[in-house]
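Quick notes on the structure that follows.
Sequence lines set the chain letters: A, B, ... in the order given, protein chains first and strands last, and positions in each chain run from 1.
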2 protein chains.
Amino acid sequence: MVSVSVPQKGKPRFPTQTPKGSPKYQNFETKTSHAKRSPAHAQDHIMAERKRREKLSQSFIALAALVPGLKKMDKASVLGDAIEYVKELKERLTVLEEQSKKTRAESIVVLNKPDLSGDNDSSSCDESIDADSVSDSLFEVESRVSGKEMLLKIHCQKQRGLLVKLLAEIQSNHLFVANSSVLPFGNSILDITIVAQMGESYNLTTKELAKNLRVAALKILS
Amino acid sequence: MVSVSVPQKGKPRFPTQTPKGSPKYQNFETKTSHAKRSPAHAQDHIMAERKRREKLSQSFIALAALVPGLKKMDKASVLGDAIEYVKELKERLTVLEEQSKKTRAESIVVLNKPDLSGDNDSSSCDESIDADSVSDSLFEVESRVSGKEMLLKIHCQKQRGLLVKLLAEIQSNHLFVANSSVLPFGNSILDITIVAQMGESYNLTTKELAKNLRVAALKILS
DNA sequence: GATTACACGTGATGC
DNA sequence: TGCATCACGTGTAAT
């Protein structure tokens, strides 16, 4: 229950308006040791401090409004819960961002042609597959994701038994083939297009999947 | 209610440890109007207040540590920047969550065009598409040439009569279809792969061909 | 009564 | 010089 502070009569919890007129009379005669201050200055000081406090209180209220599930409206509780909330938000954000990286943003990966769109992955460009050994053999993988379906395009050299091998590898990666097309192109090229259902436990990046497929395809050539 | 304050010694900004030992002696003799308090109680009160303040200050520090790019360590600034930061985190989270929902559940994820503003209804059919989404409509063309064959890949929105229109356009561009595959992908995406023989008089660039195909496809939506 | 929390006035300090 | 910020002690409610 996030309730705003109830208006008090005697002592407002969060004073919306300052009293402004407080007829306080300083004890002007007791200048004990140090000449303290000019009365006008003292009043200015008081007012400034009031303003500062009110600003802080308003910020507290504003912060409390952003934190869901606040039980106590304590300053300490507001701060503490806000701290935990920020931590939680950060955590969720990093998780989601990581997940998003895996599926969406760079879900088009073309092997053997890294210079397709100039879109360079700065963070996880670690596994640069040794394209040297297979630079002569054509093998490109491209994938797109829509919902729980994946569209997989493989453009490669025609090899005997390649399709079965690829389909087996796909299935062992928790991708279940729903539709496929194999088009011969030229003399020695196959253009394979596959629509597959992504299993619940599928969690590979496109790059990882492409690597697996390529490795599977390379085993035939040995 | 002019409170007499005792002079303090140090003034730590964020006191890490409380002084604990302040030998303050109240003016016990002046019970002006109200018998104020027992001295021991007063000391307890002071200590409790100190503890509370320190707790708050520590929370301020902890909160400030979570907010990146903090310039001022003001209490007001910490609160204000924390508020803005929480808002920003929330915003980014909702955006990412929405995006994730769209990717996992249904709808279309347009690759290579991450900035989709069109919020399309997932359940409804694709017969009512306003002009805004038309211009952003997914339509990607990719072509490869091997000898006198062309491999043509078209990734686009599913439209009634689209395939015939495309094939007609292809043929009118001196490309003669030898093989074709049309795979539905998701609810409203078609992935078309075509192998065509390039006629003798074919002399278009890929870009021109893609443009012709796109224009032909757009005519259906009118 | 004891504990907790708050706003207030105030002196000190740094810019 | 002010001006802003701070921690402090204190009175006062509410729990």
Query raised in the report: Can a side chain N or O of Arg53(B) be found less than 4.0 Å away from OP1 or OP2 on dG9(D)?
Result: yes
Report task. May I ask you to say whether Arg144(A) pairs ionically with Glu140(B), meaning some side-chain N is under 4.0 Å from a carboxylate O? Result -> yes
Query raised in the report: dA4(D) C1' sits how many Å from Met47(A) CE, rounded?
Result: 16 Å
Query raised in the report: Could you give the NZ-to-P distance, from Lys51(A) to dA7(C), as a whole number of Å?
Result: 18 Å
Report task. Measure the distance from CD on Gln58(A) to C1' on dC6(C) and round it to the nearest whole Å. Result -> 16 Å
Query raised in the report: Whole-Å distance between dA14(D) C1' and Lys72(A) NZ?
Result: 11 Å
Report summary line: From CD of Gln43(B) across to P of dG9(D) the rounded distance in Å is 8 Å
Query raised in the report: Ser57(A) side chain N/O closer than 4.0 Å to the phosphate oxygens (OP1, OP2) of dA7(C)?
Result: yes
Query raised in the report: Is any side-chain N of the basic residue among Lys153(A) and Asp191(B) closer than 4.0 Å to the acidic one's carboxylate O?
Result: yes
Query raised in the report: When you measure from the side chain of Gln58(B) to the backbone N and O of Lys55(B), does any donor-acceptor pair fall under 3.5 Å?
Result: no
Query raised in the report: Between atom CG in Leu79(A) and atom P in dA5(C), what is the gap in whole Å?
Result: 12 Å
Query raised in the report: Any side-chain N or O of Lys75(A) under 4.0 Å from OP1/OP2 of dT4(C)?
Result: no
Report task. Examine dC8(D): is either OP1 or OP2 under 4.0 Å from a nitrogen or oxygen in the side chain of Arg50(B)? Give yes or no. Result -> no
**Report entry** d(CZ, Arg52(A); C1', dG2(D)) in whole Å
**Finding:** 17 Å
Query raised in the report: Is a donor-acceptor contact shorter than 3.5 angstrom present between the side chain of His45(B) and the base of dG11(D)?
Result: yes
Report task. Among the candidates dC6(C), dG9(D), dT10(C), find the nucleotide nearest to the side-chain atoms of Ile46(A). Result -> dT10(C)
Query - Base of dC6(D) paired with side chain of Glu49(A) (donor-acceptor, under 3.5 Å) - result: yes
Report summary line: Taken to the nearest whole Å, CG/Leu56(B) to C1'/dC8(D) is 14 Å
Report task. Salt-bridge test for Glu169(B) and Lys165(B): reply yes if a basic N is under 4.0 Å from a carboxylate O, no otherwise. Result -> no
Report task. State whether the number of non-hydrogen atoms from other residues, nucleotides or ligands found under 6.0 Å of Lys90(B) atom NZ is greater than 12. Result -> yes
Query raised in the report: Given dA2(C), is OP1 or OP2 found less than 4.0 Å from the side-chain N or O atoms of His41(B)?
Result: yes
